[in-house]
Amino acid sequence: MAITALALSSCAPKESSAPLSIDNQLSAEEISLARFTPEVMWKMSRLGSATLSPDGKSALYTLTRYNMAENRGLTQIYLRDMASGAETALTDNQSNNSDAQWSADGKTIYFTSSRSGSTQLWQMAADGSSPKQITAIEGGIEGYGVAPSGDKLFYIKKVQAADIKSSDVHKDMDKSQARIYDDLMVRHWNYWDEGQYSHIFVADIEGGSVKNDKDILGADAAWDAPLAPYFDVAEIAWSNDGKRLAYTCKPLTGVEYAISTDSDIFIYDTEDGSTLNINKIKTAAGMRIMEFVGYDRYPVWSPDDSQLAFCSMATPGYESDKDRLFVFDFATQQMKDLTPDFDHSASNVIWKDNSTLYFLSAIEGTQQVCKVGVNDAKVDVITSGDHDIATMSIAGDECLATLMTISRDKEMYSVNLADGSLKQLSNINAHVYDNVKMGQVEKRWIKTTDGKEMLTWVILPPDFDPTKKYPTLLYCEGGPQSVVSQGWSYRWNFQLMAAQGYVVVAPNRRGCPSFGSEWREQISGDYAGQNIQDYLAAIDTVAKEPWCDTDHLGCVGASYGGYSVYYLAGNHDGRFKAFISHCGIFNFESMYGETEELFFINHDYGGNYWDKSNAVAQRSYASSPHKFVDRWDTPIMIITGEYDFRIPYTQSLQAFTAARLKGLDSRLVEFENEGHQVFKPQNSIVWNREFFGWLDKYLK
């Protein structure tokens with residue numbers, strides 16, 4: 001439910017193959033105003049992953065730019081010389097080109113491209129010359145990985161594994177558009193289940209073409225690998241000798257799939273075709289090595305292929321548990337937890353050598369590079385500072401990272417792994433930063449009502465004058481187990497809010513990760529409890545500042561943050577003068593019957609609404625926002641997407657109906673081609689215009 005979830009392509013329109021003209025320079029008027037606006041934000045280039053060549057001398061990275069008039073974007077691949085800083089575009093603006101990967105010898109670059117009409121795998125020389133199409137898979141591929149040995153490939157493709165449409169079941173009714181289900185899940189995130197699942201195919205590469213394709217899940221497997229709804233290719237990894245493929249899978253169906261997070265790490269052997277589930281290995285006595293009942297994902301092979309690292313959550317049905325870092329030793333068949341004493345999650349794991357790993361971890365509202373040894377399981381935090389290191393790539397002693405803050409989108413940095421020092425390498429959006437003003441970001445530790453210290457980011461408007469009064473917004477984070485970090489967002493951008501003259505108060509209330517397990521887990525089963533008091537403590541503390549206009553406070557949020565807005569609308573004691581809820585939960589009972597991943601609400605609500613003996617669940621349902629509508633007395637804007645099946649748009653319709661019947665000033669903004677988030681360029685501009693129009697109307 002986190003609002004940082006990736007966009008899915010299932011309901012996206014067919015991609016245009018026409019060249020895209022990109023001219024994202026600021027106009028003379030925009031430069032003169034020096035103001036950060038939604039239109040200026042969409043003129044920024046978006047840096048993707050950055051990957052070092054095996055010798056560390058070059059780096060591949062992607063840039064995505066948008067054309068607002070055409071309502072679409074284009075991704076290109078670039079090459080950077082690490083010594084000179086020289087940068088070269090390796091692809092043009094005729095098609096989307098992304099997912100660049102080095103060959104093991106650094107002489108070849110593999111990438112996906114839509115230049116042939118569908119997304120296929122291509123290769124080119126390290127200087128971008130001699131591009132050649134490798135695959136010609138019907139319907140295209142959704143991801144890939146070339147084995148370090150260079151002779152094998154995996155690719156991801158949709159497979160029709162079940163008859164769901166009535167035209168498949170009733171062959172004589174070919175024009176019927178009914179869907180027929182006998183079990184859960186009927187839809188997921190932003191698409192209906194129509195019997196198609198993402199499967200992993202393994203094939204040989206011979207003479208620059210693909211042969212001997214094999215679906216390693218089996219044609220009848222009615223589940224996805226990599227996992228829905230994100231379909232992250234990082235959940236699949238080749239061994240260095242190219243003989244084994246590790247992948248994540250949750251081979252469950254129906255109700256069992258809907259209520260479980262039990263995914264496992266499987267090893268496919270290309271030589272004998274066997275598959276091993278390392279999370280289900282048993283000893284000679286028939287006992288499992290360890291119980292793995294939650295999410296197990298992101299396998300990474302050690303350099304000598306003797307060990308496999310992966311991330312693992314311990315709690316079944318809990319999607320936001322601590323991601324522990326485990327290592328499986330193939331010789332001893334033993335599992336080892338490398339982070340038992342480290343109370344934060346691990347991600348983006350990289351082996352430095354056979355006994356040392358690096359990973360990223362969210363720590364106190366930032367994201368840092370960490371190091372751990374296999375033998376001593378001692379974690380060292382390498383970097384520090386108020387930033388989010390989003391990705392990293394290591395080659396030898398070189399480390400290339402992408403780093404962002406609340407005030408700047410991702411840029412490339414070099415990381416000194418010995419002392420953690422950082423050096424900025426790129427300045428991709430200098431044309432924006434040099435011409436618009438950003439507000440100051442303050443890091444505050446605010447005392448909560450139960451005596452704890454809570455990290456809160458306070459973003460001030462540009463040219464802030466402490467002698468003036470400013471309307472102030474309380475930002476409610478989604479998730480609910482989602483950190484308010486130093487990340488840059490193109491949807492909920494704090495600097496964009498500040499640029500319109502608002503002070504933004506963004507607390508890491510109870511439930512936000514990066515402050516330890518106790519802080520994160522407190523919110524589950526207690527949505528209306530301490531975390532709501534944390535919100536109020538944050539806004540009440542900032543409201544004491546002489547520059548805070550306490551007569552013009554607003555409250556905004558999405559997803560769980562949208563729930564928070566609805567709840568506070570009935571429990572704010574007159575603090576706020578305007579609310580905005582995006583895709584929020586309004587009615588807990590109907591939400592239970594409308595959403596899809598039931599494991600989430602089973603864990604976070606405590607169970608279903610009909611179990612009257614479940615005290616935790618009954619407390620949750622008693623705190624449903626719809627039960628406090630009688631107290632609603634403040635203007636509210638409600639935003640939703642028609643393809644939102646995580647918190648279905650009907651939740652927003654219920655809230656809007658209640659607001660209008662209460663006689664409140666209210667507005668519903670519904671996007672027919674968006675899901676839980678708004679991604680499309682012109683929709684984003686409309687979203688921002690409505691968002692700030694509403695706030696300006698009631699807070700200025």
- So, do F645 and W192 have ring centers that fall under 6.0 Å from each other? yes

OG of S49 to CD of Q101, rounded to nearest 0.5 Å, is 10.5 Å

Looking only at side chains, do R297 and T248 share a donor and an acceptor under 3.5 Å apart? no

Under a 3.5 Å cutoff, is there a donor and acceptor pairing between the side chains of Q76 and T91? no

Does R408 make a cation-pi contact with W488, if we ask for NZ or CZ under 6.0 Å from the ring centre and within 45° of the axis? no

Thinking salt bridges, do D264 and K280 make one under a 4.0 Å N-O criterion? yes

Output for pair (I156 CD1, S198 OG), nearest 0.5 Å, gives 6.5 Å

Is the backbone N or O of S21 less than 3.5 Å from a side-chain atom of N67, with the two atoms forming a donor-acceptor pair by type?
yes

Does R46 make a cation-pi contact with W42, if we ask for NZ or CZ under 6.0 Å from the ring centre and within 45° of the axis? yes

Exercise. Is the shortest side-chain N to carboxylate O distance from R689 to E39 below 4.0 Å?
Worked result: yes

CG of D323 to CZ of F359, rounded to nearest 0.5 Å, is 11.0 Å

query: For atom OH of Y649, is the number of surrounding heavy atoms from other residues, nucleotides or ligands below 6.0 Å larger than 12?
result: no

| task | Taking atom types as modelled, find out whether S260 and D262 have a side-chain donor-acceptor pair closer than 3.5 angstrom. | result | no

Original post:
Does the side chain of S684 pick up a donor-acceptor pair with the side chain of Q682 at under 3.5 Å?
Top reply: no

**Asked** E670 and T640: side-chain donor and acceptor closer than 3.5 Å?
**Response** no

State whether a side-chain donor-acceptor pair under 3.5 Å links D409 with N429.
no

field: Side-chain donor-acceptor contact under 3.5 Å, H676 with S559
entry: yes

Exercise for review: Given side chain to side chain contact (heavy atoms under 4.5 Å, CB included), test Y490 with Q677 step by step and report yes or no.
Suggested key: CA-CA 11 Å; Y490 285 96; Q677 300 98 358; over 6 Å; no

Paired with K243, the side chain to side chain contact (heavy atoms under 4.5 Å, CB included) test is passed by just one of L245, N240, D241, namely D241

Quick note, ring-ring contact (aromatic ring centres under 6.0 Å, His included) partners involving residues 195-226, not counting sequence neighbours, are Y155-F201

Does a donor on one side chain and an acceptor on the other come within less than 3.5 Å for Q120 and T112? no

| Regarding D232 and Y298, is there a side-chain donor-to-acceptor distance under 3.5 Å anywhere? | yes

One should read off an interatomic distance between I267 CD1 and Y247 OH, to the nearest 0.5 angstrom, of 9.0 Å

Check your understanding: Are any side-chain N or O atoms of Y268 and backbone N or O atoms of L276, one a donor and one an acceptor, separated by less than 3.5 Å?
Key -> no

ask   = Side chain of D204, backbone of E206: donor and acceptor closer than 3.5 Å?
value = no

Pair R80 + E87, salt bridge at N-O below 4.0 Å: yes

Charged N-O contact under 4.0 Å between R179 and E194:
yes

| Where the side chain of K157 meets the backbone of E138, is there a donor-acceptor pair that is under 3.5 Å apart? | yes

Here the gap from F310 atom CZ to S263 atom OG, rounded to the nearest 0.5 Å, amounts to 10.0 Å

Take the angle between the ring planes of W687 and F691 and call it parallel below 30°, perpendicular above 60°, tilted in between. parallel

**Study point:** Crowding at CD, E256 (>12 non-hydrogen neighbours, <6.0 Å)
**Key:** no

message: Treating S114 as the side-chain partner and N96 as the backbone partner, does any N or O pair qualify as donor plus acceptor under 3.5 Å?
response: yes

| task | Tell me yes or no: between the side chains of T402 and T391, is some donor less than 3.5 Å from an acceptor? | result | yes

Backbone N or O of S312 within a donor-acceptor pair of the D296 side chain at under 3.5 Å? no

Inset, instruction - Verify the distance criterion only: is there a donor paired with an acceptor across the side chains of R115 and S113 at less than 3.5 Å? - result: yes

